[in-house]
Amino acid sequence: MPLDVRLYAMRLFIGCEDGLYESIISQDEKSKVSSGSIDKVFDSKVVSVNARYGTIAISADGEGLFYSNIGESELHVRIDERPKVGGSSLRTDWKDVDLLSYDAESRFQYIHNESQRAGKNTPSYYTLRRGGEYRQIVNFAIQVDEMDPLLEELDIKDDNISYCFNSGSSAFLKLKDGTFFTTDFKQRSAGTYKRIIKEDKGCKKIMSSVVIPNGCVLRYYNRIVLYKNNESLLLYNGSTYGVRSYINSNQFRSLVTINTEDSIGIYTTESFEPTSIQQEDMSQYGRVRYSNIFRLKKKSGDGGRNEMDLPF
């Protein structure tokens with residue numbers, strides 16, 4: 001059963017219940033893309049896969065955090081049988097070249113990595129793509145810090161946190177009373193955190209989160225809420241299968257996609273203006289005004305199919 005998928009450096013990584021699978025993708029002179037065989041490269045359960053700066057980070061649940069360097073040859077990645085960081089790892093997020101590994105919904109370890117500027121012998125996927133990565137990790141996990149010093153400086157108790165995640169520059173902390181904080185990693189003190197919003201009590205269980213420019217989107221069990229410029233906006237009211245942003249894309253960094261049982265909604269967050277409408281369901285009118293939605297739906301039962309249908 002696939003649990004996570006990641007495309008990076010002309011490779012497809014699939015995290016599954018029984019391990020990690022990899023397929024090397026090739027492109028010919030006519031830009032035709034084809035993939036090779038899908039081969040197993042790791043035997044433990046993989047719940048999350050993350051890749052950047054020439055490195056793949058593999059969250060193996062209770063087995064810990066594993067990693068491997070990614071070359072440009074046709075050889076598969078080689079993963080050490082021993083975890084690089086012990087304990088549990090459920091998901092990871094990048095903070096520049098460093099990495100945060102989450103062992104629970106409300107706790108993380110800060111992993112320091114050593115990097116160097118990409119040189120002449122750097123694999124081409126660093127420099128060929130627009131806005132490519134110009135640094136390469138050379139030593140992974142040279143130091144691992146717990147999050148307790150951060151909580152002490154913010155005067156927040158560990159058991160008061162219901163969910164946390166991070167962007168490239170900040171940590172986001174959602175407290176059990178509904179208060180939402182963000183703090184800069186470089187300026188951590190009780191007086192420098194920024195309170196985002198006092199959330200209503202109806203939003204409790206957080207399923208996942210994504211970061212957008214100047215804000216974030218939280219997926220609760222019964223709704224999806226956008227937070228930006230110290231305001232909130234209800235994007236979708238109901239259960240969903242997932243939400244994803246594209247913050248590292250040059251062209252689509254303002255887009256958010258929401259997957260439901262029978263459709264995929266594509267939202268743009270650039271025109272977010274919550275001054276007149278706040279905490280209101282935008283499903284009927286507001287999301288067209290603010291989000292310019294495209295809808296992709298399952299095929300209808302009559303056998304007909306249009307260009308916006310999904311192929312299943």
Side-chain angles (χ1 to χ4, degrees), residues 1-8 12-21 38 45-51 58-61 89-93 102 104-106 162-167 172 174 199-200 202-212 215-228 232-249 252-269 272 279-284 286-288 290-301 305-312:
M1 175 182 175
L3 300 177
D4 197 17
V5 177
R6 185 73 57 174
L7 278 167
Y8 180 79
L12 171 66
F13 297 100
I14 306 173
C16 299
E17 291 272 1
D18 63 337
L20 179 69
Y21 292 80
I38 300 178
K45 177 182 178 180
V46 175
V47 295
S48 178
V49 182
N50 215 334
I58 304 152
S59 296
D61 204 350
S89 180
L90 303 179
R91 55 186 168 95
T92 57
D93 279 312
Y102 293 81
E105 290 184 343
S106 58
S162 64
Y163 192 83
C164 61
F165 61 102
N166 69 280
S167 66
F172 296 84
K174 183 74 185 299
E199 173 74 311
D200 69 282
C203 295
K204 294 182 179 180
K205 177 63 175 177
I206 300 176
M207 309 299 292
S208 62
S209 60
V210 296
V211 176
I212 61 173
C216 63
V217 176
L218 295 187
R219 173 180 166 243
Y220 298 90
Y221 76 96
N222 61 349
R223 66 188 68 183
I224 291 183
V225 182
L226 166 69
Y227 298 89
K228 188 174 181 180
S232 68
L233 185 69
L234 184 60
L235 282 184
Y236 188 88
N237 191 17
S239 61
T240 58
Y241 287 142
V243 59
R244 183 178 290 273
S245 66
Y246 306 88
I247 190 70
N248 293 320
S249 170
F252 307 118
R253 65 193 316 264
S254 65
L255 294 185
V256 171
T257 54
I258 296 176
N259 303 343
T260 65
E261 183 177 3
D262 62 352
S263 67
I264 299 174
I266 305 176
Y267 298 68
T268 175
T269 62
F272 177 68
Q279 294 289 7
E280 187 170 353
D281 185 3
M282 306 296 284
S283 59
Q284 298 301 319
R287 69 181 180 188
V288 176
Y290 293 117
S291 304
N292 301 324
I293 297 301
F294 296 93
R295 303 295 291 179
L296 305 177
K297 294 189 176 181
K298 283 186 176 181
K299 292 185 294 184
S300 59
R305 186 173 185 271
N306 60 56
E307 62 181 5
M308 299 300 284
D309 282 339
L310 293 176
F312 54 78

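Numbers here simply count residues along the sequence, with the first being 1. Nothing here was measured: the structure is a model prediction, and the numbers come from that model.
Taking all atoms of both residues into account, the shortest heavy-atom contact from Asn166 to Phe172 is CA-CD1, 4.1 Å. Between Thr260 and Ser239, the shortest heavy-atom distance links the atoms CG2-O, 4.5 Å. Contact record, Ile224 with Ile258: CD1-CG2, 3.5 Å, taken as the closest heavy-atom pair. Closest of all the heavy-atom pairs between Arg91 and Phe165 is NH1-CB, 3.9 Å. The shortest heavy-atom contact between Leu12 and Val5 is CD1-CG1, 3.6 Å. Minimum heavy-atom separation, Leu218 to Ser209: CD2-CB, 3.5 Å.
Inter-residue side-chain proximity for Arg253 and Tyr246 is flagged as unmet; no heavy-atom pair is nearer than 4.5 Å.
The side-chain hydrogen bond (donor to acceptor under 3.5 Å, both in side chains) test applied to Tyr241 returns no partner, not counting sequence neighbours. Looking at residues two or more places apart in sequence or on another chain, you find no ring pair (Phe, Tyr, Trp, His ring centres under 6.0 Å) involving Phe13. For Asp18, the side-chain hydrogen bond (donor to acceptor under 3.5 Å, both in side chains) partners two or more places apart in sequence, or in a different chain, are Tyr21. In this view, Ser89 and Ser59, Ser101 satisfy the side-chain hydrogen bond (donor to acceptor under 3.5 Å, both in side chains) rule, not counting sequence neighbours. For the side-chain hydrogen bond (donor to acceptor under 3.5 Å, both in side chains) test, residues two or more places apart in sequence or in another chain that qualify with Thr240 are Arg219. The side-chain contact (heavy atoms from CB on, under 4.5 Å) test applied to Ser106 returns Ile161, not counting sequence neighbours.
Under a 3.5 Å cut-off, the side chain of Ser245 and the backbone N or O of Val256 do not form any donor-acceptor pair.
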- Message: For Asn259 and Val243: C-alpha separation, side-chain torsions, deciding distance, then whether side-chain contact (heavy atoms from CB on, under 4.5 Å) applies.
- Response: CA-CA 6 Å; Asn259 303 343; Val243 59; over 6 Å; no
Applying side-chain contact (heavy atoms from CB on, under 4.5 Å) to Cys16 and Val46, what does each step give before you reach the verdict?
CA-CA 5 Å; Cys16 299; Val46 175; over 6 Å; no
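Between Asp4 atom CG and Asn50 atom CG the span is 8.0 Å, to the nearest 0.5 Å. Rounding to the nearest 0.5 Å gives a distance of 5.0 Å between NZ of Lys45 and CG of Asp61. Annotation: the span from Tyr220 atom OH to Asn237 atom CG amounts to 13.0 Å, rounded to 0.5 Å. Atom CG of Leu233 sits about 10.0 Å away from atom OH of Tyr267, to the nearest 0.5 Å. Interatomic distance, Tyr227 OH to Leu235 CG, rounded to the nearest 0.5 Å: 10.5 Å. Here the CG-CZ distance, from Leu20 to Arg6, works out to 12.0 Å after rounding to the nearest 0.5 Å.
With Leu255 as the partner, the side chain to side chain contact (heavy atoms under 4.5 Å, CB included) test is satisfied by one option alone out of Thr269, Ile212, Ile266: Ile266.
Side chains of Tyr102 and Ser48: a donor-acceptor N/O pair is absent below 3.5 angstrom, by distance only.
Other residues, nucleotides and ligands contribute over 12 non-hydrogen atoms within 6.0 Å of the CG atom of Leu7.
Electrostatic pairing of Lys205 and Glu105 counts as a salt bridge here, judged by a charged N lying under 4.0 Å from a carboxylate O.
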